[in-house]
S.K.: 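Would you mind keeping the following structure in view while I ask a few things?
Quick note: numbers below take in every heavy atom, side chains included, and nothing from hydrogens, waters or symmetry partners. Positions are given from 1, in the same order as the sequence printed here.
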Amino acid sequence: MSKRDYYDVLGASKGASADELKKAYRKKAKELHPDRNADNPDAEAQFKEVNEAYECLKDPEKKAAYDRYGHAAFENGMGGGPRGGHPGQGDFGSAFSDVFDDLFGDFMGGRGGGGGRNRAARGADLRYNLRVSLEEAFTGAQKTIKVPSTVACESCDGSGAEGGAEPTTCPTCSGMGKVRAQQGFFTVERTCPTCSGMGQIIQNPCKSCGGHGRVQKERTLSVNIPAGVETGTRIRLSGEGEAGLRGGPTGDLYIFIDVARHELFEREDVNLFCRVPVSMATAALGGDIEVPTIDGGRSRVKIPSGSQAGRQMRLRGKGMPALRGAGSGDMFIELAVETPVNLSSKQKELLREFEQLGKDNNPESNSFFNKVKGFWDSMKS
């Protein structure tokens, strides 16, 4: 049985270019793939015929021999190209990998239309933990920080090549960044060992950076801390991270705020809380006291008579400013009634007299006391 013309098998003209042949092959391979034609018993044979045709015509030497002698070029050991023999005995998996890339390349992160991976790589983002006082969180502040990072090498302008020369295409992977190895029917793709996947190599590396295009350096930066920040607030400084690889864009720097504990105030969202000591007399009789505020000032607070320990009082607008929004929180003070110590004899006598007067002037208290006393007396008898 005579063989069909390879150009007819692919549906291409005899003057077709390499790209046109490849396009025609992919179209036929998709159309005749056995997995897509399970009910067609001839699909597998036709699929192999398409691969045989493309295996011959994609090779310039084999194609030249076929264009001149036809199928006779590969009979009786005649001009079989670099591998010798019939084109059908060639690398079927290599040909099939082209259609595999076309079918699944986008999903698998394959070559797409760019012909290799991007040579320039974005620099890494950096994190810096910054502690501020509660007063700085209240007013806002301008802080100076020192950040160790990598910056673009000035000697080679970040290219990694001596004198700023351009890197050359890797000869091993032809700039793809990946190499293929045949394992039976399948083709396995791996990172190119020569260029480490970059697709380019540097013939004469820069002496300052060793060909990396980056050097270590400590940078001094000024950071604006807005009023109202709290622990966990993140501030992004665009372009202040590590330098990109071989001229790639710079990463970002993220400032994470940690607000230090305050000796007087406790913070809850935008509100502040503090305990204020008051004398027993002031709590009982009432009066005015002054309390410190976070802005460094003092506010006068009126204490009602008969105030008990633990009572909370509110100072509106004396809390922390809202970071994203208008207004401020409130300040809550908790009364801590102080018990006098180291009393003189006169003070003790006056307290006893005060206690007795309290009993005489509180018949309900006396009645309760008498009931309790009677209960215990009955238990003794």
S.K.: List the atom pairs, with distances to 0.1 Å, where a side-chain N or O of residues 313-328 and a protein N or O form a donor-acceptor pair under 3.5 Å, not counting sequence neighbours.
M.R.:
unit_1	atom_1	unit_2	atom_2	d
Arg314	NE	Asp330	OD2	2.9
Arg314	NH2	Asp330	OD2	2.9

S.K.: Tell me every residue that passes ring pair (Phe, Tyr, Trp, His ring centres under 6.0 Å) with Phe265, counting only those two or more places apart in sequence or in another chain.
M.R.: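 Residues passing ring pair (Phe, Tyr, Trp, His ring centres under 6.0 Å) with Phe265: His262.
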S.K.: Who passes side-chain contact (heavy atoms from CB on, under 4.5 Å) against Lys28, sequence neighbours left out?
M.R.: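 For Lys28, the residues satisfying side-chain contact (heavy atoms from CB on, under 4.5 Å) (neighbours in sequence not counted) are Glu31, Val50.
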S.K.: Please check if atom CD in Glu268 has more than 12 non-hydrogen atoms from other residues, nucleotides or ligands closer than 6.0 Å.
M.R.: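 Incorrect, the count does not exceed 12.
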S.K.: Phe273: which other cluster members, linking ILVMFWY side chains closer than 4.5 Å, directly or transitively?
M.R.: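 Members besides Phe273, by chain and number: Phe332.
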S.K.: Show the atom names and distances, to 0.1 Å, of all donor-acceptor pairs under 3.5 Å that link a side chain in residues 340-347 to residues at least two apart or in another chain.
M.R.:
unit_1	atom_1	unit_2	atom_2	d
Ser344	OG	Gln347	N	3.3
Ser344	OG	Gln347	OE1	3.4
Gln347	OE1	Ser344	N	2.9

S.K.: Identify all side-chain donor-acceptor contacts of residues 11-18 below 3.5 Å with residues at least two apart in sequence or on another chain.
M.R.:
unit_1	atom_1	unit_2	atom_2	d
Ser17	OG	Glu20	N	3.3

S.K.: Restricting to side-chain contact (heavy atoms from CB on, under 4.5 Å), what partner residues turn up for Ser307, sequence neighbours left out?
M.R.: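 Testing Ser307 for side-chain contact (heavy atoms from CB on, under 4.5 Å), a comparison that skips the adjacent residues, returns Ile303, Pro304, Arg311, Leu335.
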S.K.: By the rule that ILVMFWY residues connect when side-chain heavy atoms come within less than 4.5 angstrom, directly or transitively, which residues belong alongside Val151?
M.R.: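 Members alongside Val151: Val215.
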S.K.: For Asn224, check side-chain hydrogen bond (donor to acceptor under 3.5 Å, both in side chains) against everything at least two apart and list the hits.
M.R.: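 Partners of Asn224 under the side-chain hydrogen bond (donor to acceptor under 3.5 Å, both in side chains) test: none.
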S.K.: Under the side chain to side chain donor-acceptor pair (under 3.5 Å) rule, what pairs show up with a residue in residues 227-241, not counting sequence neighbours?
M.R.: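 Every pair satisfying side chain to side chain donor-acceptor pair (under 3.5 Å) with a residue in residues 227-241: Arg219-Glu240, Arg236-Asp252.
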S.K.: Please identify each residue that fulfils side-chain contact (heavy atoms from CB on, under 4.5 Å) with Ser222, with sequence neighbours left out.
M.R.: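 Listed in chain order: Gln142.
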S.K.: Could you tell me which residues satisfy ring pair (Phe, Tyr, Trp, His ring centres under 6.0 Å) with Tyr66, sequence neighbours excluded, listed by chain and number?
M.R.: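 Counting only residues at least two positions away or on another chain, Tyr66 forms a ring pair (Phe, Tyr, Trp, His ring centres under 6.0 Å) with Tyr6, His71.
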